[in-house]
Structure formats: structure tokens, C-alpha cells
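Let me begin by presenting the structure, written as C-alpha cells, before commenting on it.
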Amino acid sequence: MENQQETPAGVETDEEFPDEFQCCVCWDLLFKPVVLACGHISCFWCVFKMMNRQGVSHCPVCRHPYNHFPSICQLLHFVLLKLYPQDYKRREQQVLGVSQ
């Protein structure tokens, strides 16, 4: 299923991205993607919000435990930035709370 997203102003972007680049938590284009030990990919901030800061955390999809601080997959980050620049910029503005 291809995704077409709306910007904060309500205008659809021209970019469509495959489901493989969709966060399993927020269902939007991955922003600062992290790959967990179980293989699920999410936005860094989606995972960060759900982390247990004092012990073992769990994948938001399959509940597989992990006890490391997930790092951003730089390769996937730059691929998404190159393939979907408009949507990636929109996601950055959403996550960081920047208004246009």
C-alpha cells in the first residue's frame, strides 16, 4: 500500500512511500529510523517515548525485550532523506514541533 501524507497545512505531498518505510508506531514515514534487535523499524522518537529508562524496554510491536539505547540507522536515514525529501522535512517539522 502506497502512502500519501498531508502536511500540517492540510496540503498533500507528491511523494508516496512504500509500507516498508512506514513506522510501526506512528504509521508515518520513518524519521531518524532505528532497527531494534527483533528487526522491527520505528522512528527514534516513537521508540524513545516508549522506552523504560530504568530497565529492560520492549519492542512496541512484538514486545521483544532489549536493554540498549537504540541508535539511528544512518544508512536508512540518508536513503529516506534522498528518496523522500519533502516528506522527510515534513516529518522533521512534526517531530521537532516547528511550524511553517
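The model shown is predicted, which means the values in this text are computed figures rather than measured ones.
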Legend entry - Minimum side-chain heavy-atom gap H40-C62 below 4.5 Å: yes
Legend entry - Mutual orientation of the aromatic rings belonging to F48 and F44 [parallel < 30°, tilted 30-60°, perpendicular > 60°]: parallel
Inset, instruction - Please tell me if the side chains of K32 and C73 come closer than 4.5 Å, counting only heavy atoms from C-beta onward. - result: no
Legend entry - Single-linkage hydrophobic cluster, 4.5 Å side-chain cutoff, V56 and V47 together: no
Inset, instruction - Please tell me if the side chains of C24 and I41 come closer than 4.5 Å, counting only heavy atoms from C-beta onward. - result: no
Legend entry - With sequence neighbours excluded, residues passing side chain to side chain contact (heavy atoms under 4.5 Å, CB included) with K49: none
Legend entry - Test side chain to side chain contact (heavy atoms under 4.5 Å, CB included) applied to K89 and L81, step by step: CA-CA 8 Å; K89 186 66 173 174; L81 187 59; over 6 Å; no
Legend entry - Heavy-atom side-chain contact between C26 and C43 under 4.5 Å: yes
Inset, instruction - Quick one: pull up CZ in F31 and CD in E92 and give me the separation to the nearest 0.5 Å. - result: 4.5 Å
Legend entry - Any R90 side-chain heavy atom under 4.5 Å of D28 side chain: yes
Inset, instruction - Over all heavy atoms of both residues, which pair between Y84 and E16 is shortest? Give the atoms and the distance, please. - result: CE2-O, 3.1 Å
Inset, instruction - Name all residues meeting the side chain to side chain contact (heavy atoms under 4.5 Å, CB included) criterion together with L83; count only those two or more places apart in sequence or in a different chain, and write none if there are none. - result: F21, V79
Inset, instruction - Report yes if some heavy atom in the side chain of L76 is under 4.5 Å from a heavy atom in the side chain of L30; otherwise report no. - result: yes
Inset, instruction - Look at the side-chain heavy atoms of Ile, Leu, Val, Met, Phe, Trp and Tyr, link any pair under 4.5 Å apart, and say whether V25 and F17 land in one connected group. - result: no
Inset, instruction - Please answer: with hydrophobic residues joined when any side-chain heavy atoms are less than 4.5 Å apart, are I72 and M51 in the same cluster? - result: yes
Legend entry - Hydrophobic cluster membership, V95 vs F69, 4.5 Å side-chain cutoff: yes
Legend entry - Any L36 side-chain heavy atom under 4.5 Å of P60 side chain: yes
Legend entry - side-chain hydrogen bond (donor to acceptor under 3.5 Å, both in side chains): pairs with one or both residues in residues 52-80, sequence neighbours excluded: H77-Y88
Legend entry - Between Q94 and R91, a side-chain donor and acceptor under 3.5 Å: yes
